[in-house]
Chemist: 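What follows is a single structure, and I will ask about it in a moment.
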Amino acid sequence: KNTGKNKSLHYEPEHEKANAAAYIQLETELRKAIQEDQLTLYYQPRLELSTGQIICLEALVRWNHPVHGIIPPGEFIPLAEESGLILPLGEWVLRHACMQKKKWLEAGIINYQLAVNISPCQFQEHDFADKVIRVIDQMHIDPSFLEFEITESTIMHNMDKTVSILERLCDYGISISIDDFGIGYSSLSYLKHFPINCLKIDRSFVKNIHNNHSDLAITHAIIHLGHTLNLQVVAEGVEELSQLEILRETKCNTIQGYLLSPPISAQELELLIACKALS
Ligand code: C2E
Ligand code: CA
Ligand code: CA
Ligand code: CA
């Protein structure tokens with residue numbers, strides 16, 4: 001699409017025919033973006049409520065487009081998944097998250113875990129775990145600093161295959177969290193069998209915990225479930241103090257959200273940490 005800065009580049013699969021030319025153009029541009037490092041990672045801190053410390057950063061990809069500026073992932077991840085470009089894109093994200101981590105370690109400034117989002121398509125690759133291990137080994141980085149965020153749909157897609165990949169990643173030292181927990185499939189039995197460390201309560205529940213009884217009840221139930229199974233629980237999308245207070249009372253372990261910080265660039269994050277150290 002030939003869009004201006006404020007218009008959407010969003011690709012909608014149902015309009016595939018009408019937009020065939022636009023699709024191909026965007027796909028070509030995205031392929032180029034991956035090769036030419038037009039992608040960039042933003043980081044959103046995750047705060048531990050019991051200590052008030054940041055313990056993890058979620059890496060979230062952006063496309064720094066030469067004409068359109070910063071494009072959010074919702075506008076190109078679906079295209080990447082449909083075209084297969086998610087595989088090189090996912091590898092780019094992992095590699096760059098590791099490179100950034102290494103830089104921060106060497107500078108001695110930021111020592112948190114890094115959470116990386118993994119698309120269901122990546123899990124379907126026969127050699128996904130091998131690739132991951134190769135990339136991390138090459139970087140000489142301790143895999144235990146890494147967490148992969150996967151969704152319930154990834155797990156449900158091919159449970160036997162997924163469990164063997166997760167077990168390999170877990171043996172290697174990577175932690176696993178379930179992203180958008182609660183909006184996916186209803187079966188919970190996988191929680192017993194899979195090497196999972198953490199549940200991330202979907203933002204749609206957290207959004208109304210301070211004024212909707214059902215959302216509060218569901219959030220409560222997820223926290224309780226998580227703790228019973230010995231899992232960490234993260235609340236996503238915390239925007240207001242009243243939500244934070246409720247999550248603190250219900251013993252949620254950690255929070256992410258605009259209240260603390262939106263996703264920010266590595267540079268902005270370094271500034272934020274430096275200011276925190278001074279205060
Ligand atoms: P997600 O993994 O559920 O990430 C959380 C999204 O919620 C992020 O949007 C974040 O900016 C936004 N968010 C965080 N706190 C708040 C809040 O307090 N209020 C509201 N309204 N929103 C909040 P973002 O960065 O646009 O990412 C959207 C989605 O794109 C992600 O959802 C994830 O599914 C996907 N994504 C992002 N980066 C990657 C990546 O590197 N690989 C893959 N496969 N997917 C990615
Ligand atoms: Ca996520
Ligand atoms: Ca999420
Ligand atoms: Ca998501």
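One-based numbering, in listed order, for ligands and for the atoms of each. Sequence positions, counted from 1, serve as the residue numbers for this chain.
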Chemist: Run the salt-bridge test on Glu58 and Arg46 with the 4.0 Å N-O cut-off and return the result as yes or no.
Modeler: no
Chemist: Is it the case that Thr51 and Glu48 place a side-chain donor and acceptor less than 3.5 Å from each other?
Modeler: yes
Chemist: Non-hydrogen atoms of Lys200 versus ligand 1: any pair closer than 4.0 Å?
Modeler: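 Distance cut 4.0 Å: Lys200 fails for ligand 1.
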Chemist: Who's closest to atom 26 (O) of ligand 1 heavy-atom-wise, of Cys121, Pro73, Ala59?
Modeler: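 Of the listed residues, Pro73 has the closest heavy atom.
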Chemist: Would you mind naming the N, O or S atom of Asp180 nearest to the Ca ion (ligand 3)?
Modeler: OD1
Chemist: If you define the side chain from C-beta out and look only at heavy atoms, does anything of Leu146 sit under 4.5 Å from Tyr172?
Modeler: no
Chemist: Please compare Glu240, Gln243, Glu239 and report which has the shortest non-hydrogen distance to atom 19 (N) of ligand 1.
Modeler: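 Nearest heavy atom to atom 19 (N) of ligand 1 lies in Glu239.
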Chemist: Return yes if a side-chain donor-acceptor contact under 3.5 Å exists between Gln25 and Glu29, otherwise no.
Modeler: yes
Chemist: Check each heavy atom of Val61 against ligand 1 and say whether those closer than 4.0 Å belong to the side chain, the backbone, both or neither.
Modeler: both
Chemist: Who are the side-chain hydrogen bond (donor to acceptor under 3.5 Å, both in side chains) partners of Gln38, not counting sequence neighbours?
Modeler: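 Expected list: Trp63.
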Chemist: Classify the contact between Gln256 and ligand 1 as side chain, backbone, both or neither, using a heavy-atom distance cut-off of under 4.0 Å.
Modeler: neither
Chemist: Does Gly90 have a heavy atom less than 4.0 Å from any atom of ligand 1?
Modeler: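 Heavy atoms of Gly90 never come under 4.0 Å of ligand 1.
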Chemist: Pick one of side chain, backbone, both or neither for how Asp179 approaches ligand 1, counting any non-hydrogen atom pair under 4.0 Å.
Modeler: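 It is the side chain that touches ligand 1; the backbone stays farther off.
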Chemist: Does some non-hydrogen atom of Arg62 fall short of 4.0 Å from ligand 1?
Modeler: yes
Chemist: Run the salt-bridge test on Glu236 and Arg203 with the 4.0 Å N-O cut-off and return the result as yes or no.
Modeler: no
Chemist: Is Asp202 close enough to the Ca ion (ligand 3) to have an N, O or S atom under 3.0 Å?
Modeler: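 Of the N, O and S atoms in Asp202, none lies under 3.0 Å from the Ca ion (ligand 3), which means no.
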Chemist: Side chains of His210 and Asp215: any donor to acceptor distance under 3.5 Å?
Modeler: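 Asp215 vs His210: no donor-acceptor pair found between side chains.
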Chemist: Does Ser119 approach ligand 1 within less than 4.0 angstrom via side chain, backbone, both or neither, non-hydrogen atoms only?
Modeler: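 It is both parts that get close, each with some atom under 4.0 Å.
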Chemist: Under 3.0 Å from the Ca ion (ligand 3), is there any N, O or S atom belonging to Asp179?
Modeler: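 Here the distance criterion (N, O or S atom, under 3.0 Å) is met by Asp179, so yes.
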Chemist: Could you work out, with side-chain hydrogen bond (donor to acceptor under 3.5 Å, both in side chains) as the rule, every residue matching Ser119, not counting sequence neighbours?
Modeler: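 In terms of side-chain hydrogen bond (donor to acceptor under 3.5 Å, both in side chains), with neighbours along the sequence ignored, Ser119 is linked to Glu81.
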Chemist: Would you mind telling me if ligand 1 is within reach of the side chain of Asp180, the backbone, both or neither, using heavy atoms under 4.0 Å?
Modeler: side chain
